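Note sheet for the following structure.
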Amino acid sequence: MNIVVITGASGGIGRQFSLQLDRGLASVDEFWLIARRKDRLHALARRLTHRTRLFCLDLAKEEDLCRFDAVLAKERPVVRMLINCAGYGLNGDCERIPAARQAGQVDVNCRALLWLTLSCLPYMKPHSRILQLASSAAFLPQPGFAAYAATKAFVLRFSQALSIELARKRIYVTAVCPGPVDTDFLVTAQQYGEMPAFKKRFLARPEAVVKKALKDSAHRRQNSVFGLPNLALWAASRVLPQGFLAKTAYRMRGDLQ
Ligand SMILES: NC(=O)c1ccc[n+]([C@@H]2O[C@H](COP(=O)([O-])OP(=O)(O)OC[C@H]3O[C@@H](n4cnc5c(N)ncnc54)[C@H](OP(=O)(O)O)[C@@H]3O)[C@@H](O)[C@H]2O)c1
């Protein structure tokens, strides 16, 4: 049985991956969709033509990750694609956000992504693909979004290294790096503080981000950076001192006097 695994399928970007992939992939038998919100997963499944298997899992919990591993071990599918979308970010200075909520970002964005990637790898074949949701936040340290940006730097670096390790197996890894995207992510992100206005000016549509990510993955690209402003930021982060850029971005938020 050939499957596609999508985490964060109840959210804006994961849902969009499911919808766009559903239009193709005739050789895939089932979409395995993961998130906590059952109602949203069911609503999505009703829109898909592929058969679905829904997993209501809290990826911050090790017992839920193990439950998924147990299903993989029992079914032994071929994982044709893994798309790790589950994640969240909390905007605001570190000392304003409770420790458990901040650490939760590491659990979901990093630990669960790493875990599920390693869980799925033994079930992949040549030409299987992995897409990891990083972010343009990964390019720089981000005061005011510090822990989130650091989790995405982990995703980016891990994905880039993994893509080199897996090249000999012809398994392809793409780190997807959008800037702000118009999804519920922004609602969650602003629980402890407003996002800076300049970021909202560059809001992308999830449809466009996902379309580009799938195209870049099909071309076996290591990175999928969406939009000119993010490409410019990526280039700047490679040539200008990161401390200077991080302080400038913090000043633009109006948080630094
Ligand atoms: N939107 C942006 O501006 C933006 C920009 C760059 C990168 N990204 C990245 O893109 C990914 C998808 O974000 P999005 O924009 O689609 O946000 P979203 O609409 O808020 O969706 C987030 C998804 O993550 C899932 N999730 C969160 N915590 C979870 C947990 N403990 N266990 C299981 N699933 C969990 C949510 O499902 P449940 O709540 O149902 O569990 C939901 O499906 C994230 O990794 C995010 O960091 C987003």
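Index from 1, following the sequence. What you are looking at is a predicted structure, and each value in this text was computed from that prediction instead of being measured. Just follow the structure's listing: the first ligand is 1, and inside any ligand the first atom is 1.
Given atom 23 (C) of ligand 1, the protein heavy atom at minimum distance is G8 CA, 3.8 Å. Here the heavy atom of the protein found nearest to atom 20 (O) of ligand 1 is F185 N, 3.2 Å.
Counting only distance, with no hydrogens or angles, the side chain of D64 and the backbone of L59 share no donor-acceptor pair below 3.5 Å.
Between E63 and K61, none of the side-chain N atoms (NZ, or NE/NH1/NH2) sits under 4.0 Å from a carboxylate O, so this pair counts as no salt bridge. The pair D184-R15 does not count as a salt bridge, with every side-chain nitrogen at least 4.0 angstrom from each carboxylate oxygen.
For atom 29 (C) of ligand 1, the choice among Q132, M195, R36, K61 with the nearest heavy atom turns out to be R36. Of the listed options R15, K152, R37, R40, K152 places a heavy atom closest to atom 45 (O) of ligand 1. Comparing G87, P178, A134, A86 by heavy-atom distance to atom 22 (C) of ligand 1, the nearest is G87. Relative to atom 48 (C) of ligand 1, the option among N109, L113, T188, I13 with the closest non-hydrogen atom is I13.
Less than 4.0 angstrom separates some heavy atom of L57 from each of these atoms of ligand 1: 32 (N), 33 (C). Near S135, meaning under 4.0 Å from one of its heavy atoms, ligand 1 places the atoms 6 (C), 7 (C). When each atom of ligand 1 is checked for a heavy atom of S10 under 4.0 Å away, the hits are 36 (C), 37 (O), 38 (P), 40 (O), 42 (C), 43 (O). Here is the list of ligand 1 atoms found below 4.0 Å of a heavy atom in Y148: 6 (C), 7 (C), 8 (N), 9 (C), 46 (C), 47 (O). Against a heavy-atom cut-off of under 4.0 Å, D58 is close to the following atoms of ligand 1: 30 (C), 31 (N), 32 (N). Atom numbering of ligand 1 starts at 1 in the shown order; those under 4.0 Å from a heavy atom of T183 are 1 (N), 14 (P), 15 (O), 17 (O), 19 (O). For ligand 1, the atoms closer than 4.0 angstrom to any heavy atom of P180 are 3 (O).
The shortest N or O to N or O distance between A35 and ligand 1 is not under 3.5 Å. Considering backbone and side-chain atoms alike, Y88 places every N or O at 3.5 Å or more from each N or O of ligand 1. At least one N/O-N/O distance between L59 and ligand 1 falls below 3.5 Å. Checking only distances, G12 does come within under 3.5 Å of ligand 1, N or O to N or O. For the pair C85 and ligand 1, the shortest N or O to N or O distance falls below 3.5 Å.
Shown here for Y123 and A73, the closest heavy-atom pair between the two residues is OH-CA, 3.4 Å. Nearest approach of L133 to C85, heavy atoms of both residues: CD2-SG, 3.6 Å. Annotation for A112 and V108: closest pair CB-O, 3.5 Å, computed over non-hydrogen atoms.
At most 12 heavy atoms of other shown residues, nucleotides or ligands fall within 6.0 angstrom of atom CZ in R47.
Ligand 1 lies out of reach of A189, whose nearest heavy atom is not under 4.0 Å from it.
The aromatic rings of H127 and Y172 are tilted relative to each other, their planes meeting at an angle between 30° and 60°. Between F55 and F68, the two ring planes are perpendicular [angle over 60°; tilted spans 30° to 60°].
A heavy-atom distance below 4.5 Å is not found between the side chains of N230 and C177. Annotation: side chain of M124 is not in contact with side chain of L166 (no heavy-atom distance under 4.5 Å).
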